Number of protein chains: 2
Amino acid sequence: MKRVSLKDIAKMVGASPSTVSFILNGKASQMRISDELKNKVLATAKKMGYQPNQVAVSLRTGQTKILGLLVEDISNNFFASLAKTIEEEAEEFGYKVVYSSTENNSKKGVELLRMLTQRQVDGYLVTPTLGMEEDIEMLVKHKKPLVLMDRYFPGIEAAYVQVDNTGAVLKGMEHLVEKGYKKIAYITIESGLIQMRQREEAYAEAISKSPEQKKKYALKVAYNGSREVIIDQITEFLKKNKPDAVFFATNYLGILGLESIRSIGLSIPKDLAVICFDDNDIFRLHLPGISVLQQPVEAIARTAIHILMQQLGNNKVAIKKNQVQLAANFIVREST
Amino acid sequence: MKRVSLKDIAKMVGASPSTVSFILNGKASQMRISDELKNKVLATAKKMGYQPNQVAVSLRTGQTKILGLLVEDISNNFFASLAKTIEEEAEEFGYKVVYSSTENNSKKGVELLRMLTQRQVDGYLVTPTLGMEEDIEMLVKHKKPLVLMDRYFPGIEAAYVQVDNTGAVLKGMEHLVEKGYKKIAYITIESGLIQMRQREEAYAEAISKSPEQKKKYALKVAYNGSREVIIDQITEFLKKNKPDAVFFATNYLGILGLESIRSIGLSIPKDLAVICFDDNDIFRLHLPGISVLQQPVEAIARTAIHILMQQLGNNKVAIKKNQVQLAANFIVREST
DNA sequence: CTGAAAGCGCTTACAG
DNA sequence: CTGAAAGCGCTTACAG
């Protein structure tokens with residue numbers, strides 16, 4: 001059962017492939033093709049179940065109508081939501097999305113980027129890892145449509161969209177200070193990525209301005225640590241430093257942190273207040289509910305797509321800047 | 001900055017495109033091409049940053065090395081994990097995966113399936129929705145490589161991989177009965193999909209065999225209901241029927257159910273035992289931990305890919321059956 | 001050992 | 001109003 005091609009249809013109706021192509025692409029009237037022929041072609045195409053070969057179209061037109069999306073980890077809630085909204089938005093513009101996870105592994109990231117190039121994607125949406133600088137810079141130099149998300153490289157003039165990390169952490173810290181906490185700890189992962197640095201620096205800034213707390217209590221866990229190792233590290237840190245509040249820098253850390261807090265038997269917020277970057281079903285459902293700085297995921301995705309579409313010459317949307325920071329939503333629950 | 005093509009390289013080294021193609025595809029020795037020429041071509045290709053145009057390769061070879069994956073909802077934990085493992089496994093065999101969410105909308109599902117066909121994917125991995133029967137059957141008839149996951153259509157001879165729903169629910173029910181619960185309710189979504197029917201029938205079977213409980217207490221919520229509506233429905237159901245245990249048929253329902261139980265102020269498991277199909281971080285972290293029937297997600301993904309690879313003529317793996325059911329893992333926590 | 005040629009399935013200037 | 005022809009960037013029988 002061979003697939004029918006445009007040529008097959010042309011042969012069946014006794015017209016040339018070019019004429020059939022025009023009709024199938026809705027250019028019949030523009031090319032002043034008779035209604036009779038047009039209807040005949042349309043009917044035959046339908047009857048034969050004709051489906052254009054997109055690969056051939058892409059090769060000919062130079063457009064694949066595919067966007068490449070590289071996230072850190074698709075099984076992580078934040079990135080999954082991001083991917084979903086991006087897919088929906090892209091569809092509005094007639095683009096499909098192929099996605100892959102870098103696992104924050106620069107080698108894998110670079111390979112995926114090359115793969116996307118070989119696949120001739122029309123545009124790139126990337127949450128880059130450290131080590132991808134060169135390849136990203138190359139894309140920028142070649143004027144490829146590209147938008148970074150969640151993080152970016154300070155030296156590289158690429159478009160990006162991220163949450164306002166600094167503002168978010170400052171807001172959370174302010175809240176804790178107002179509530180009277182005097183020994184606020186900060187738990188993050190070891191990472192040179194800009195968004196983690198921004199958050200950490202905001203914590204440091206907040207502490208330096210605090211009237212009551214002079215000293216930072218920070219823990220950095222290894223990125224590649226197993227669940228168990230990280231939980232142990234957090235447990236030990238909390239036992240040793242006995243903070244009265246703790247700020248988790250990510251979703252993932254927050255979840256592990258809760259396990260750790262539970263294992264010590266601390267009561268939230270009486271013994272220890274908890275606040276976390278990124279929301280999660282777990283934090284909403286937890287008893288007590290965990291206060292969070294929620295990233296505006298949909299807005300990040302939408303803005304990224306709009307900037308990318310602008311680069312692709314799709315002017316349905318007008319955007320001014322191509323480097324955007326969006327405010328986080330502060331959701332106060334019972335943990336602070 | 002135009003991309004360099006194979007022809008460009010041929011021109012630069014003064015050889016024919018065919019020779020360059022052979023060299024670049026590692027067939028130099030097979031074609032008895034001189035080492036000198038070979039090295040020259042390789043060096044030039046590298047220097048010029050040559051990247052083969054996969055679109056052209058696909059058109060010519062008829063293989064895209066792309067697999068199409070259709071899941072119900074990529075932002076749902078179960079499907080995200082499934083997608084991730086599939087992607088990893090596919091990579092082992094040199095395939096990329098493009099995925100999309102059907103949202104259990106048959107119109108969208110059918111459109112996506114056609115899109116995948118137009119994009120010339122080499123194989124299909126699908127969690128089908130009701131209403132996709134015809135299109136799926138067409139793929140089977142055309143002998144397209146295809147594996148269904150999570151659910152299937154009884155009348156259609158397609159390969160599939162799913163968890164043993166019947167066995168899983170029976171095991172859970174048995175546990176509840178043994179623990180002495182006598183009024184076990186079952187909460188599911190309205191759906192004609194096979195996996196939901198299998199679970200429901202297993203519940204009915206368990207009740208019919210139970211020495212103590214003669215009557216079923218089942219609630220079916222609408223698939224499209226909003227969070228709030230579903231929570232209200234569950235709340236009302238629990239208040240009215242006062243079961244001593246409740247079995248949630250999915251992940252998503254379980255989470256909403258916990259919110260509902262909390263709003264009523266019932267204590268788990270004293271007032272109400274809880275068990276759920278599908279695991280989730282939330283259930284592990286919840287106080288008390290929720291007992292679950294965990295799907296073997298990785299195994300499902302791996303099996304599906306292996307069957308698909310077999311269909312694609314990739315004989316690295318030997319599999320006997322092409323319709324597979326895998327046992328669930330029963331994880332007992334404190335909620336039962 | 002290497003090159004010229006055909007062809008994958010389309011689209012689109014160019015002719016008539 | 002419609003057709004013949006070129007070409008997108010590759011691969012692969014076919015010649016020599």
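Worth saying up front: this structure is predicted, and the values here are computed from it rather than measured. Excluded from the calculations below are hydrogen atoms, water molecules and symmetry mates; all remaining heavy atoms, backbone and side chain alike, are included.
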| said: Atom NZ of residue position B:Lys84 - does it have more than 12 heavy atoms of other residues, nucleotides or ligands inside 6.0 Å? | reply: yes
| query | Just checking, A:Lys65 and A:Tyr95: is the charged tip under 6.0 Å from the six-membered ring centre and within 45° of the axis? | reply | yes
| field | For C:dC14, the Watson-Crick or wobble counterpart (both distances under 3.5 Å) | value | D:dG3
| Using 4.0 Å as the upper bound for N to carboxylate O, is an ion pair formed by A:Arg302 and A:Glu88? | no
| field | Of all pairs that satisfy side-chain hydrogen bond (donor to acceptor under 3.5 Å, both in side chains), the ones with a partner from residues 109-122 of chain A, not counting sequence neighbours | value | A:Thr64-A:Asp122, A:Arg114-A:Asp135, A:Thr117-A:Tyr124, A:Gln120-B:Arg3
| From B:Ile300 CD1 over to B:Gln162 CD, what is the distance, rounded to the nearest 0.5 angstrom? | 8.0 Å
| field | Residues in contact with DNA chain C, drawn from residues 20-33 of chain B - heavy-atom cutoff 4.0 Å | value | B:Met31, B:Arg32, B:Ile33
| query | For residues 43-64 of chain B, which residues have at least one heavy atom under 4.0 Å from DNA chain C? | reply | B:Leu59, B:Arg60
| query | Of the candidate nucleotides C:dG3, D:dA4, C:dC8, which contains the atom at the shortest distance from the side chain of A:Ser18? | reply | D:dA4
| field | Mutual orientation of the aromatic rings belonging to A:Tyr152 and A:Tyr160 [parallel < 30°, tilted 30-60°, perpendicular > 60°] | value | parallel
| Hey, is A:Lys141 close enough to A:Glu134 for a salt bridge, meaning N to O under 4.0 Å? | no
| said: Is A:Ser34 close enough to D:dC1 that one of its side-chain N or O atoms is under 4.0 Å from OP1 or OP2 there? | reply: no
